[in-house]
Amino acid sequence: MNENVTQIKDLIFSLRSLRKETRRIFAYQAKKQQLTETWIIALGALTSKDPSSLEELAQALRLSNSTTSGIVDRMIAEGLVTKARAEDNKRRINIRPTQKGRQKYAATYTDFWEKLAPLETIERADLTNLLATQAKLLAKLERIN
């Protein structure tokens with residue numbers, strides 16, 4: 001087997017492991033706030049675009065409108081978000097994070113990045129090279145049918 005192919009396989013498996021570990025840490029931080037990963041991601045999307053429509057939130061989550069609607073309903077029941085008709089367009093439903101939702105989102109992300117603080121010791125040049133290589137790989141993968 002070509003040495004490049006072996007290294008590419010190793011890199012892909014390494015990236016998969018890296019993603020798995022960061023998701024594990026993220027899920028743990030979300031659970032500490034009695035939230036799911038999806039709820040945290042939704043709260044993040046809503047915090048950056050407040051208010052947001054159901055369609056916009058579904059797009060941000062990369063989920064269907066019906067799946068997102070169920071998530072929003074459960075988040076409303078927990079007091080994390082509200083939804084109301086837009087004043088300027090009665091067909092549009094605006095979804096907004098509540099103060100409780102914003103606080104839990106902020107706490108989760110603060111804890112998550114504190115847990116990842118040991119990564120800050122990686123040399124800047126190494127990170128720059130890694131990001132450049134990943135960008136090249138992604139560009140090539142995106143051209144594959």
Side-chain angles (χ1 to χ4, degrees), residues 1-83 86 89 91-145:
M1 184 178 298
N2 180 327
E3 189 175 317
N4 257 10
V5 172
T6 301
Q7 285 187 313
I8 289 168
K9 285 181 178 182
D10 290 346
L11 176 60
I12 289 170
F13 288 125
S14 174
L15 292 172
R16 184 175 180 268
S17 296
L18 182 65
R19 182 174 186 275
K20 183 179 177 181
E21 286 304 306
T22 54
R23 282 194 70 199
R24 179 186 61 77
I25 295 165
F26 185 74
Y28 179 78
Q29 299 311 317
K31 188 175 181 178
K32 281 175 39 180
Q33 295 294 325
Q34 295 86 42
L35 302 173
T36 68
E37 289 176 76
T38 303
W39 288 8
I40 288 293
I41 294 166
L43 287 168
L46 292 169
T47 298
S48 65
K49 185 173 186 323
D50 178 11
S52 189
S53 70
L54 180 69
E55 294 79 15
E56 291 166 335
L57 181 57
Q59 189 175 36
L61 295 175
R62 293 182 170 84
L63 297 171
S64 70
N65 285 358
S66 62
T67 299
T68 303
S69 180
I71 290 167
V72 168
D73 288 344
R74 288 186 292 282
M75 291 176 74
I76 288 170
E78 293 295 322
L80 301 170
V81 299
T82 62
K83 69 179 179 180
N89 179 350
R91 294 182 301 176
R92 179 183 163 106
I93 303 291
N94 284 334
I95 303 165
R96 290 192 143 112
T98 62
Q99 187 61 30
K100 176 182 176 181
R102 287 180 188 278
Q103 288 172 340
K104 286 183 173 270
Y105 167 75
T108 300
Y109 266 91
T110 297
D111 289 350
F112 176 70
W113 289 109
E114 282 178 6
K115 290 288 184 189
L116 296 184
L119 298 180
E120 294 174 12
T121 62
I122 297 171
E123 295 291 328
R124 184 177 180 92
D126 291 340
L127 292 172
T128 300
N129 289 334
L130 179 59
L131 288 169
T133 302
Q134 284 185 311
K136 288 177 191 175
L137 289 169
L138 184 58
K140 289 183 182 287
L141 288 171
E142 288 172 341
R143 288 190 289 247
I144 297 172
N145 294 337

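Counting begins at 1 with the first residue of the sequence. The structure displayed is predicted, hence computed values, not measured ones.
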Inter-residue atom distance [X].[atom1] - [Y].[atom2], 0.5 Å rounding:
{"X": "K104", "Y": "E78", "atom1": "NZ", "atom2": "CD", "value": "8.5 Å"}
{"X": "N129", "Y": "E123", "atom1": "CG", "atom2": "CD", "value": "11.5 Å"}
{"X": "L80", "Y": "I71", "atom1": "CG", "atom2": "CD1", "value": "12.5 Å"}
{"X": "S53", "Y": "N94", "atom1": "OG", "atom2": "CG", "value": "7.5 Å"}
{"X": "F13", "Y": "K20", "atom1": "CZ", "atom2": "NZ", "value": "12.5 Å"}
{"X": "T108", "Y": "I41", "atom1": "OG1", "atom2": "CD1", "value": "11.0 Å"}

Show your working on side chain to side chain contact (heavy atoms under 4.5 Å, CB included) between R19 and R16 and close with a plain yes or no. CA-CA 5 Å; R19 182 174 186 275; R16 184 175 180 268; 5.8 Å; no

For a 4.5 angstrom cut-off between non-hydrogen side-chain atoms, does [X] reach [Y]?
{"X": "L138", "Y": "E142", "result": "yes"}
{"X": "I122", "Y": "L127", "result": "yes"}
{"X": "E114", "Y": "Q29", "result": "no"}

Can you give me the closest heavy-atom contact between [X] and [Y], atom names plus distance?
{"X": "S52", "Y": "L46", "value": "CB-CD2, 3.5 Å"}
{"X": "A58", "Y": "N65", "value": "CB-OD1, 3.3 Å"}
{"X": "T82", "Y": "T98", "value": "CG2-CG2, 3.6 Å"}
{"X": "G101", "Y": "L43", "value": "O-CD1, 3.6 Å"}
{"X": "F26", "Y": "I40", "value": "CZ-CG2, 3.1 Å"}
{"X": "A45", "Y": "L57", "value": "CB-CD1, 4.0 Å"}

Could I get the full list of side-chain hydrogen bond (donor to acceptor under 3.5 Å, both in side chains) partners for T67, not counting sequence neighbours? S64

Could I get the full list of side-chain hydrogen bond (donor to acceptor under 3.5 Å, both in side chains) partners for R24, not counting sequence neighbours? E21

For K100, I'd like to know if atom NZ has over 12 heavy atoms of other residues, nucleotides or ligands within 6.0 Å. yes

Does E55 have more than 12 heavy atoms from other residues, nucleotides or ligands lying within 6.0 Å of its CD? yes

Taking only residues two or more places apart in sequence or in another chain, which ones pass salt bridge (Lys or Arg N to Asp or Glu O under 4.0 Å) with R74? none

Begin from the C-alpha positions of D73 and K83 and carry the test side chain to side chain contact (heavy atoms under 4.5 Å, CB included) through to its verdict. CA-CA 9 Å; D73 288 344; K83 69 179 179 180; 3.3 Å; yes

Among I12, T6, V5, find the one that has a side chain to side chain contact (heavy atoms under 4.5 Å, CB included) with K9. V5

Check whether any side-chain N or O of T110 sits under 3.5 Å from a backbone N or O of A106 as a donor-acceptor pair, and report yes or no. yes

Does L18 offer a backbone N or O that forms a donor-acceptor pair with the side chain of T22 under 3.5 Å? yes

Show, in sequence, the C-alpha distance, side-chain angles and deciding distance for K115 and D111, and conclude whether the side chain to side chain contact (heavy atoms under 4.5 Å, CB included) test is met. CA-CA 6 Å; K115 290 288 184 189; D111 289 350; 5.6 Å; no

Take L54 and I93, measure what side chain to side chain contact (heavy atoms under 4.5 Å, CB included) needs, and give me the verdict at the end. CA-CA 7 Å; L54 180 69; I93 303 291; 5.7 Å; no

Would you call the rings of Y109 and F112 parallel, tilted or perpendicular, where under 30° means parallel and over 60° means perpendicular? perpendicular

